[in-house]
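For reference, the structure discussed in these notes is given below.
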Amino acid sequence: MMQAIAPGRLQLAILASGRGSNFDALCQAIERGELDADVRVLISDIESAPALGKAKSRKIDAVFINPRDFGSRDEYEAELVEVLKSHQVTVVVLAGYMRLVGRILLDAYKHRIVNIHPALLPSFPGLHAQQQAVDYGVKFSGCTVHIVDQGMDTGPIIMQEVVPVLPDDTGDTLADRILAKEHKTYWRSLQLLAQGRIYIEGRKVFIKD
Ligand code: GAR
């Protein structure tokens with residue numbers, strides 16, 4: 001029997017290593033009443049990440065955890081899990097979090113960690129996905145929201161949105177077009193979780209209508 005993942009108002013942690021535009025877009029969806037969630041905490045592994053400042057200006061707890069302060073990924077993630085639990089987080093949202101997730105975090109939040117990637121997975125995982133798409137010469141790219149597993153951008157796919165790749169695109173112009181889609185696709189995917197409409201079986205995600 002399949003079980004809905006994380007139904008009910010979501011208590012989110014956003015993990016971000018950089019700019020934080022997806023974090024902002026999620027906050028805006030919550031403010032508009034389109035995403036049934038609260039952001040309990042924003043956590044970054046980079047002290048200078050603009051996302052931390054964005055959280056502070058929204059009066060959301062902003063926590064920097066330096067992976068270099070720990071002897072191993074397990075120890076770093078144990079601290080991460082402690083911060084998540086102390087904020088009563090139910091779903092972990094990776095929004096430009098540029099680290100592989102390890103077993104400690106995966107075990108603590110099984111099927112409740114989601115990621116957004118700026119490509120149509122399984123094409124172009126990893127870094128510089130938009131540049132990879134331009135260099136390869138694909139005619140379409142887009143974004144993918146997926147459940148996180150131990151691989152790099154490999155977990156079961158919740159939603160994908162497509163954009164055209166234009167002949168004169170650079171990595172940057174394509175990234176802008178994809179980012180506009182990301183800002184709509186992420187909250188819509190999370191709202192499906194909140195509505196209890198997402199089921200997972202093997203590597204497939206089913207959405208109940
Ligand atoms: C986004 O484009 C996101 O898809 C990407 O990082 C950017 C973060 O932007 N994530 C990955 O590439 C993960 N593999 P943001 O900080 O403005 O939300």
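Residue numbers run from 1 in the order of the sequence given. What you see is a predicted model, and the numbers here were worked out from it, not measured in a lab. Indexing begins at 1, ligand by ligand and atom by atom, following the structure's order.
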Practice problem: For atom 10 (N) of ligand 1, grab the closest protein heavy atom and report residue, atom and distance to one decimal in Å. | Solution: I116 O, 3.6 Å

Exercise. Tell me which protein heavy atom sits closest to atom 9 (O) of ligand 1, plus the residue, atom name and distance to 0.1 Å.
Key: R19 NH2, 3.1 Å

Quiz prompt | Heavy atom of the protein closest to atom 8 (C) of ligand 1 (residue, atom name, distance) | solution = G96 CA, 3.6 Å

Practice problem: Look at atom 16 (O) of ligand 1 and say which protein heavy atom is nearest, naming residue and atom and giving the distance to 0.1 Å. | Solution: G20 N, 2.7 Å

Quiz item: What residue and heavy atom of the protein are closest to atom 14 (N) of ligand 1, and at what distance?
Solution: H117 ND1, 3.0 Å

Quiz item: To which protein heavy atom is atom 15 (P) of ligand 1 closest, and what is the distance rounded to 0.1 Å?
Solution: S21 N, 3.4 Å

Self-check item: Least distance between heavy atoms, K54 atom then D24 atom
Solution: CD-OD2, 3.4 Å

Exercise. Begin with the C-alpha distance, continue with both residues' side-chain angles, and end with the deciding distance and a verdict on side chain to side chain contact (heavy atoms under 4.5 Å, CB included) for D135 and Q132.
Key: CA-CA 5 Å; D135 292 346; Q132 290 185 57; 5.8 Å; no

Self-check item: Nearest heavy atoms of D169 and R177, plus distance in Å
Solution: OD2-NH1, 2.7 Å

Quiz item: Between the side chain of H117 and the main-chain N/O of F124, is any donor-acceptor distance below 3.5 Å?
Solution: yes

Practice problem: Would you name the heavy atoms of T185 and M159 that are closest together and state the gap between them? | Solution: CG2-SD, 3.7 Å

Practice problem: Provide, to 0.1 Å, the distance between atom 3 (C) of ligand 1 and the closest protein heavy atom, together with that atom's residue and name. | Solution: E182 OE1, 3.3 Å

Self-check item: Salt bridge flag under 4.0 Å for residues D61 and R40
Solution: no

Quiz prompt | Shortest protein heavy-atom distance from atom 5 (C) of ligand 1, along with the residue and atom involved | solution = P118 CD, 3.8 Å

Quiz prompt | Residue portion contacting ligand 1 (non-hydrogen atoms closer than 4.0 Å) for L94 | solution = neither

Quiz prompt | Among I116, V205, I157, side-chain contact (heavy atoms from CB on, under 4.5 Å) partner for V145 | solution = I116

Quiz prompt | Close approach, M98 and ligand 1, non-hydrogen under 4.0 angstrom | solution = yes

Self-check item: Reported CG-to-CD distance for the pair L105 and E79, which is rounded to 0.5 angstrom
Solution: 12.5 Å

Practice problem: May I ask you to check if ligand 1 and N22 share an N or O to N or O distance below 3.5 Å? | Solution: yes

